[in-house]
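Order of the sequence lines fixes the chain letters, A, B, ..., with proteins taken first and strands second; residue numbering starts at 1 for each chain.
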Protein chains: 2
Amino acid sequence: LSGDDSLGIADDEDTFKILIATDIHLGYLEKDAVRGNDTFVTFDEIMKHAKENEVDFILLGGDLFHDNKPSRKAMHSCLEIMRKYCMGDKPILFDIISDQAVNFGSSRFPWVNYQDENLNISTPIFSVHGNHDDPTGADGLCALDLLSCAGLVNHFGRSRSVEKLEISPILLQKGSTKIALYGIGSIPDERLYRMFVNKQVTMLRPREDEESWFNMFVIHQNRSKHGATNYIPEQFLDDFLDLVIWGHEHECKITPARNEQQLFYVTQPGSSVVTSLSPGEAVKKHIGLLRVKGRKMNLQKIPLQTVRQFLIEDVTLANHTDLFSPEQPNVMQKVQAFCQQKVEEMLEEAERDRLGNPLMPEKPLIRLRVDYSGGFEPFTTMRFSQKFVDRVANPKDILHFTRHRESKDNEAIDFDMLLSRPSSEVLQLRVEDLVKEYFQTAEKNMQLSLLTEQGMGKAVQEYVDKEERDAIEELINYQLEKTQRYLQERRVEASEEKIDEERGGERREEVKGRRRDEERKVARGKRGGEGRDEMRKGRRRGEGGDEGEMR
Amino acid sequence: LSGDDSLGIADDEDTFKILIATDIHLGYLEKDAVRGNDTFVTFDEIMKHAKENEVDFILLGGDLFHDNKPSRKAMHSCLEIMRKYCMGDKPILFDIISDQAVNFGSSRFPWVNYQDENLNISTPIFSVHGNHDDPTGADGLCALDLLSCAGLVNHFGRSRSVEKLEISPILLQKGSTKIALYGIGSIPDERLYRMFVNKQVTMLRPREDEESWFNMFVIHQNRSKHGATNYIPEQFLDDFLDLVIWGHEHECKITPARNEQQLFYVTQPGSSVVTSLSPGEAVKKHIGLLRVKGRKMNLQKIPLQTVRQFLIEDVTLANHTDLFSPEQPNVMQKVQAFCQQKVEEMLEEAERDRLGNPLMPEKPLIRLRVDYSGGFEPFTTMRFSQKFVDRVANPKDILHFTRHRESKDNEAIDFDMLLSRPSSEVLQLRVEDLVKEYFQTAEKNMQLSLLTEQGMGKAVQEYVDKEERDAIEELINYQLEKTQRYLQERRVEASEEKIDEERGGERREEVKGRRRDEERKVARGKRGGEGRDEMRKGRRRGEGGDEGEMR
């Protein structure tokens, strides 16, 4: 067992060849005049690599789509590309020996697409969903379900319970090689963290010849620590695994890294498109060609050629006092000229790199982070942008001003500062944390009195993460309705005195406090019937109410 | 050649069997707790009839979807049903002998789906688009294109020009029978009317054996006259046609009617779901099983069994002065009891009809139109609705109050009256006409000064017809931007004096008038560049400007 590239595995009848990729984010910035087609072009490239390498199948780690409800164009382009590359006469040389009705149970067509006698599949795709394209709404459908229904994707790793996971692997066999493929589509990190801690995640293993399987696991969660329970530590994962394919994290760390505690390898392919101008995204993008033979594996990195270049550099103005100092009258002009020169250099570097690569888009993404500590000032970037509008793909947010801060780590978040930063930066922070922070620090009279922290946090998160335009409105309507219903019910049951209390002005503060407490209780329940049940229990316990009184 | 049902045509190797249906409106009211699944259930029934009758193909007349951008659920259900019924081992016994790259040229896969070697199609669907699911947006895609890309629909009848149509038929042959299938996807009635009048619609005919073809034409336009040019008169259509399949109109008039002038037959299948509570929709819903052999045809009506019943009745209060009169103190109660009794009778009738038909949904649609002329008054319907909430699918709009009006036909529209009517009624009027009317009759100070009649009319129409939520906002942004640009350009060119004029208060009225005139000119152009060109011409002519001055 080795993650070493150099270890050769022959392409023979016992060798699985698997293309691995993740976070393709189809439709990201699709309306941008320059970058609009990037995700589609790169997806086409990825599929082309799969075809040229005659892989047995493609394995995707989630976030194939950027929007939870992809635009017609994004869905159409995806269907076009998949039909073009996934269908054809190439024979499929591996079998599925697990119960497909279990592996693909959520589909009306619960079998692998290449065994459907009405479809001629040459290259099957297996995919879990990500946090961007996860199941939502009353129907519990996600974008992958449309593709699965069209016979183009085998969607696996969907969980049915929110408290307990039992993962049945897809068992694949090619010649003498047997792969057990496990997967969990994205679920909120805290929830999965809790499930792991409570020992509610079980990975089922094939009964026979337990040791003969190569065990692969696809996961789409935070890998780096974003908060105490807001990620999944590698140690949580079963140590019988051989390879973990980690989606969601955009930095390409595709070379399998050995976890010496768990004795498995982790490959993190990273996204195939730059969605934030942060250092991790500047790492050269790759996909992987994974070979598995017996229990040996080898992962060949394939650099992506169509990905738009992204160069990021840091400058600290205080380190260049030979050129300018804060006291000079024309320091601003000098700093601007200096930054401009830096960007010119980066553009030259980008052009050199692009030489001889006709597939690479012409305009690179450029980010210059300017630390202006030590008495310097940021300047408005409009003119600066104008200079690069024809040569840079992101002219509006090339510059990013930062300041070295000596203050403690966990000081309150400065919302004004946040709002003045480019949105791409803000998005990198967990919106949930911001909302939590807000509720903890905001003055009492600023607090939203009907909306719960949890609900609001989740709605804002969905709004930002998935571009779910309706998330916040839906939450507000839901909370409002629930609160009205609750107050109505209370009125019916309460004594006249209590109603007066609520209506009266004198004791408003006290009532408000109590009401908020009870709303929190309500919010802990789930939508619909369950929420009301929990609410009832709360009141029964507290007030000794009688079930008979309630509708 | 005959439309007569009784004329038997044997099912043999020369006989085409075609299932015809239209206006299925998938997703109509999909969020309604009672009616939400109606469209999907009936689409399943339609496809089942196609399968059971082993038809050669299914021909749809547009508006398969209700929303221009169908919800994920609607698209998913459609894919599920199509994959279930369209795929399978049944051999296809007819050939396409026209150039498929012409017939299906807008697709990346420009061939009929059943000849794609990667798809095993048992029952191909051919469809034009309707006004609800027509191509929109920069990509010019429509919902059918997703299905076509998934290999489940053969979308034809897409026009490339807005001034000229050249329709190449799909030429189908089964044994000795040859069908030339023409189609035009929905385009605005006025535009198509104008094209016909200007002789810009050409139906290409096969060069050889012109007389040996059975010529069918699928159209999705107004058939009944909604305004001088807001429909397509049957006489416009070529008289070499044998059968016209008319979509868009929801009333089932499926029995082929002979047009004695043009000597062709017209069949109007009607919708498979009730989308407005008007008499036309109360006609029993059918789809057709069309047999064509040589140049003979026969159309067998298939009643749909899953369609929710819809009963509509009219009562005129003034005809029941034996029961109540406007002068009585308790007339309102009596009238309410009378209406309630009527509805009870309708419900009984519905139940009798439903007996022995387990596929029919339980709760019928009920509409009672109450003419309250002669001194009676309408009453609020909330309580009335409450009485039928568990037995009627549309409890909130059972009653519809009308008043016999002696006034002239073309008197100004009473907007207050309109707004007080249930929206389903208002929708039956052409919104365009309402907007035109509004602009003609509204007082000057009420007029919207930046929005043009035409643009606003179109936007409102799209908002209503296609539930295109963004249509009005898009128009406003567009007009605003254009006007700002226009004013900016004028400023640059205009003399100082003129600028002063515009800024000054004294002559504001005059300027306003002029400005509005010029805006109208602008609005006549088309979006983007063209609009600006026309605007320039207008100014050049009027003001003797020089091209050199303009950017």
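- Contact annotation: the side chain of A:Leu141 never approaches that of B:Met75 to less than 4.5 Å [non-hydrogen atoms, C-beta and beyond].
- Summarising the geometry of A:Glu80 relative to B:Cys149, their closest heavy-atom pair is CG-SG, 3.3 Å, with the distance given to 0.1 Å.
- Highest contact tally toward chain B, considering only A:Arg83, A:Glu117, A:Met87, is held by A:Arg83 [criterion: heavy-atom pairs under 4.5 Å].
- Using a 4.5 Å heavy-atom threshold, the side chains of A:Leu79 and B:Arg108 count as separate.
- In this structure a side-chain-to-backbone donor-acceptor pair under 3.5 Å is missing from B:Arg72 to A:Lys69.
- Of the atoms belonging to A:Asp139, it is side-chain heavy atoms, and not backbone ones, that fall under 4.5 Å from chain B.
- Heavy atoms from other residues, nucleotides or ligands lying under 6.0 Å from NZ of A:Lys90 number more than 12.
- Counting heavy-atom pairs under 4.5 Å between each of B:Ser71, B:Cys142, B:Gly137, B:Gly151 and chain A puts B:Cys142 at the top.
- Per-residue counts of heavy-atom pairs under 4.5 Å with chain A were compared for B:Asp145, B:Asp89, B:Leu147; the largest is that of B:Asp145.
- At a 4.5 Å heavy-atom cutoff, A:Ser122 makes no contact with chain B through either its backbone or its side chain.
- The choice from B:Ala143, B:Gly88, B:Ala150 that makes the most heavy-atom pairs within less than 4.5 Å of chain A is B:Gly88.
- Neither the backbone nor the side chain of A:Ala138 comes within contact range of chain B; no heavy atoms are under 4.5 Å apart.
- Around CD of A:Gln115, the count of heavy atoms belonging to other residues, nucleotides or ligands within 6.0 Å exceeds 12.
- Between A:Phe109 and B:Lys84 the shortest heavy-atom distance is CZ-N, 4.2 Å.
- When A:Ile121, A:Asn120, A:Asn118 are each tested for a side chain to side chain contact (heavy atoms under 4.5 Å, CB included) with B:Asn118, only one passes: A:Asn120.
- Here B:Thr123 pairs with nothing under the side chain to side chain donor-acceptor pair (under 3.5 Å) rule; sequence neighbours left out.
- Only the backbone of B:Ser148 has a heavy atom closer than 4.5 Å to any heavy atom of chain A.
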